[in-house]
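What follows is a short report on a single structure.
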Number of protein chains: 2
Amino acid sequence: MDEDNSKAKARNYRVTSFDVAAEAGVSQSTVSRALAGDPVVSEATRLRVAEAARRLNYSVDENAARLRTGKTGTLAVVVICRPDEDRKDLNPFTYSLLGTICAAASVRGYETLVSFQDGPQNLSGRYEERRKADGLILIGTTQNLDAWNYYRDLGQSGMKLVCWGSPFDDLEWIRSDNHAGAVLATDHLINAGFRQIVCIGSENSLQRQFKERYDGYCEAIHAAGLTPALIEIEEGLSREEQGRRAVRALKASGQPFDAIFAVCDELALGVLRELTETGTRIPQDCGLIGFDGIRASAHAMPPLSSIQPDFTAAGAMLVDKLLAVIAGKAHEQRRVPVSLLARESTRRS
Amino acid sequence: MDEDNSKAKARNYRVTSFDVAAEAGVSQSTVSRALAGDPVVSEATRLRVAEAARRLNYSVDENAARLRTGKTGTLAVVVICRPDEDRKDLNPFTYSLLGTICAAASVRGYETLVSFQDGPQNLSGRYEERRKADGLILIGTTQNLDAWNYYRDLGQSGMKLVCWGSPFDDLEWIRSDNHAGAVLATDHLINAGFRQIVCIGSENSLQRQFKERYDGYCEAIHAAGLTPALIEIEEGLSREEQGRRAVRALKASGQPFDAIFAVCDELALGVLRELTETGTRIPQDCGLIGFDGIRASAHAMPPLSSIQPDFTAAGAMLVDKLLAVIAGKAHEQRRVPVSLLARESTRRS
DNA sequence: CTGAAAGCGCTTACAG
DNA sequence: CTGAAAGCGCTTACAG
């Protein structure tokens, strides 16, 4: 501890560009230009400065640079949580997206300031005003409407903001190609030989993607000359519980079914559990496919077929759209391509 | 788009503390003090300034404040990935930890700068030098040794750094109470009536926690008058594949077993899959418990018993230890408490 | 309790 | 190609 203290004191003096300038025998402005890679400085000088900086273990103070340039080189990522939700229990889909956003930002030379927000005392998106970030990416649950209204207002007032799957059309958004994905899922069931395919999902949810997926399902069902059927999920429950209850409602309805398309994986996991526990075997008695491609669906028994968005593309598109908004340019891309993950739960033997 | 442009131009002029000063009829220094809540300013003045700031929609430019104070109010969180690993496929345990770290930092008034790092071109922890963060929290896989060596060097050279489950003792670390957790898991199996309990794990892995868990297992086994047995996992594979192969090795060995303690959940999921596919029923033919409490284990069929660290405590301890390191204070806590998640995979009926 | 002034460490016109 | 100087927007001794 004591040695550390003396070390800490030695580090208290900060090496600045003036020190490097003295060391290299040039002016401070030249140091700044050389280190920034300004092509106007001669190669010889650039090397001399770089060498001096290395010797002194110098790094640019990016706070000072930012103050001068007005740019932060940082993007804020806000993850909206349910008010009562533990931070560790977030939807894994959200976490995957967070990972690819940070990766995409990094590749483009930006840092990412991440925060998890839920209640009103917790909502704060004024990163631009406080000069902490150049713009903001919003992801997370659509079920926290207060939070989305807060950010909608900020978006209206000119804040640079893009989001994943917004419940509102007046924000800049990116989403999975839900329609195409639902067609893919439904066609997959049809091709496997299933005929009485029920959709467990919603026409009215704030989750716009649920409606989009239901529409895609209907289109594929009609194209095959079959009849669509929807079990609407109950609001205000966990996805797993919604899935369980939808199965009970389906069974109680007497409606015949040989396969289920659940509009998200967490729903599908509840469906799977309820069916299995009540003696319906997957896929022998009932085929099942979800949507989102979360890891848990691969670990389910049997492994659950799903539709997976290209997460890497999703992160890149969110970052690129935000950078376009910041630059005041147009950015038309909105839909992330999806693909089929065919696993055992849809294998008709 | 055109309306937005004019708006953007109008916002181009930045409101500063001087503008607020003029509006409130006080000096700029008073504005700074009033907004910082300095108790020396009179209540009347403070209110007048706050009102003026609100009218002008003013926010402190935190870059400027930081330049002046030398503090960033930011903690860097670096997630170490495997070099070949997709950002979206990270261990869910890591993501849960990331969530609770960000939450704990936020409660303590700090922002979190998050980055995912893998290869050498990608490693950069010099947040302090560049004045981007006051310190760094390191989490993620222990399997990327290059990355850990890089950060070990930074830690040695005085950087403020704490990590989760370091492979090195000379860094400041926090870990689950692995010994107690393993005892909990093993006693749980013993109490359920299992007697031939095999551990699938490692004595030599860089993952120190694997050894700690194995030791806890041995202690509980010996205390019950039973005989321990370890199947050592093979290096360089995915955890799931390691689990599968360990089961094959176990079966090939002819060693009798009626339960398995897998030292992490991802391993346990591979074990579960291999056993189920080869006709061994869980828990009727073999009990199974993992460690880490990841979500996928709850969704497995049957749901997998596990040992769960208190993630909220883990995030808080990491942040508190880092803040202690930054302040030059001692912080003794290192072990995160764990608890048993008893599910079907250990239910002996 | 309040104000005038210095200075944090850069970048970037402006000269040469 | 390089240097001297201004200034980004704050906080905080120093006076009063």
Side-chain angles (χ1 to χ4, degrees), chain A residues 11-50 52-53 56-74 126-134, chain B residues 11-50 52-53 56-74 126-134:
Chain A
R11 303 175 96 252
N12 239 353
Y13 170 75
R14 186 177 169 84
V15 179
T16 72
S17 50
F18 284 91
D19 300 313
V20 178
E23 176 82 8
V26 296
S27 75
Q28 182 268 338
S29 1
T30 298
V31 170
S32 177
R33 290 193 194 98
L35 263 30
D38 189 329
V40 86
V41 305
S42 74
E43 184 61 10
T45 318
R46 203 190 57 69
L47 279 171
R48 200 141 41 92
V49 170
L56 299 182
N57 197 21
Y58 169 78
S59 303
V60 168
D61 181 330
E62 307 208 10
N63 272 313
R66 287 173 178 199
L67 177 57
R68 188 49 235 239
T69 62
K71 297 186 182 330
T72 69
T74 301
R126 311 195 66 210
Y127 291 96
E128 268 177 76
E129 287 87 340
R130 298 183 299 142
R131 284 274 164 94
K132 298 205 117 180
D134 298 334
Chain B
R11 304 175 94 249
N12 238 352
Y13 170 74
R14 187 177 169 83
V15 179
T16 72
S17 50
F18 284 90
D19 300 313
V20 178
E23 176 82 10
V26 296
S27 75
Q28 182 268 339
S29 0
T30 298
V31 170
S32 177
R33 290 194 194 96
L35 263 29
D38 189 329
V40 85
V41 304
S42 74
E43 183 62 10
T45 318
R46 205 190 56 68
L47 279 171
R48 199 142 41 92
V49 170
L56 299 181
N57 196 23
Y58 169 79
S59 304
V60 169
D61 180 329
E62 306 209 9
N63 271 313
R66 288 173 178 197
L67 177 57
R68 188 48 235 240
T69 61
K71 297 188 182 330
T72 69
T74 302
R126 313 194 65 211
Y127 292 96
E128 268 177 77
E129 287 86 341
R130 299 185 296 141
R131 285 275 164 95
K132 299 205 114 178
D134 298 335

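Given the structure is predicted, the values throughout are model-derived calculations rather than measurements. Numbers restart at 1 for each chain; the letters A, B, ... are given by sequence-line order, proteins then strands.
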query: Is there side-chain contact between B/V15 and B/N57, with at least one heavy-atom pair below 4.5 Å?
result: no

field: Per-nucleotide pairing state of DNA chain C [Watson-Crick or G-U, under 3.5 Å; [ ] pseudoknot-crossing; | other strand]
entry: |||.||||||||.|||

Within the structure shown, what part of the strands sits under 4.0 Å from [X] by heavy-atom distance: base, sugar-phosphate, or nothing?
X     : result
B/Q28 : base
A/R66 : nothing
A/V41 : sugar-phosphate
B/S32 : base
A/S42 : sugar-phosphate
A/T69 : sugar-phosphate

field: Presence of salt bridge, B/R131 and A/E62, under 4.0 angstrom
entry: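 Answer for the salt bridge query: no.
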
Kindly say whether [Y] contributes a backbone atom to a donor-acceptor pair with the side chain of [X] at under 3.5 angstrom?
X     : Y     : value
B/N63 : A/L67 : no
B/T74 : B/T72 : yes
A/R48 : A/A24 : yes

- prompt: Which residues satisfy the side chain to side chain donor-acceptor pair (under 3.5 Å) test with A/T69, sequence neighbours excluded?
  reply: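 With sequence neighbours excluded, A/T69 shows a side chain to side chain donor-acceptor pair (under 3.5 Å) to no residue whatsoever.
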
task: Please list, in 5' to 3' order, the outermost nucleotides of DNA chain C lying under 4.0 Å from any heavy atom of chain B.
output: C/dC1 to C/dG9

query: Taking the nucleotide of DNA chain D with the closest heavy atom to each, which residue, B/A36 or A/T45, is nearer the 5' end?
result: A/T45

message: If I compare all heavy atoms of A/A53 with all of A/V20, which pair ends up nearest, and what's the gap?
response: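 Shortest heavy-atom separation between A/A53 and A/V20 comes out as N-CG1, 3.9 Å.
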
task: For B/Y58 and B/L35, work out which heavy atoms get closest and say how close.
output: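 Closest heavy-atom pair between B/Y58 and B/L35: CE2-CD2, 3.4 Å.
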
task: Would you please test A/S27 and A/T30 for side chain to side chain donor-acceptor pair (under 3.5 Å) and show each step?
output: CA-CA 5 Å; A/S27 75; A/T30 298; 3.1 Å; yes

- prompt: For B/T30 and B/A64, take the nucleotide of DNA chain C holding the closest heavy atom to each; which residue's nucleotide lies nearer the 5' end?
  reply: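 With B/T30 and B/A64 compared, the 5'-side residue is B/T30.
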
Residue mapping more 5' on DNA chain C - nearest nucleotide basis, B/S27 or A/V60: B/S27

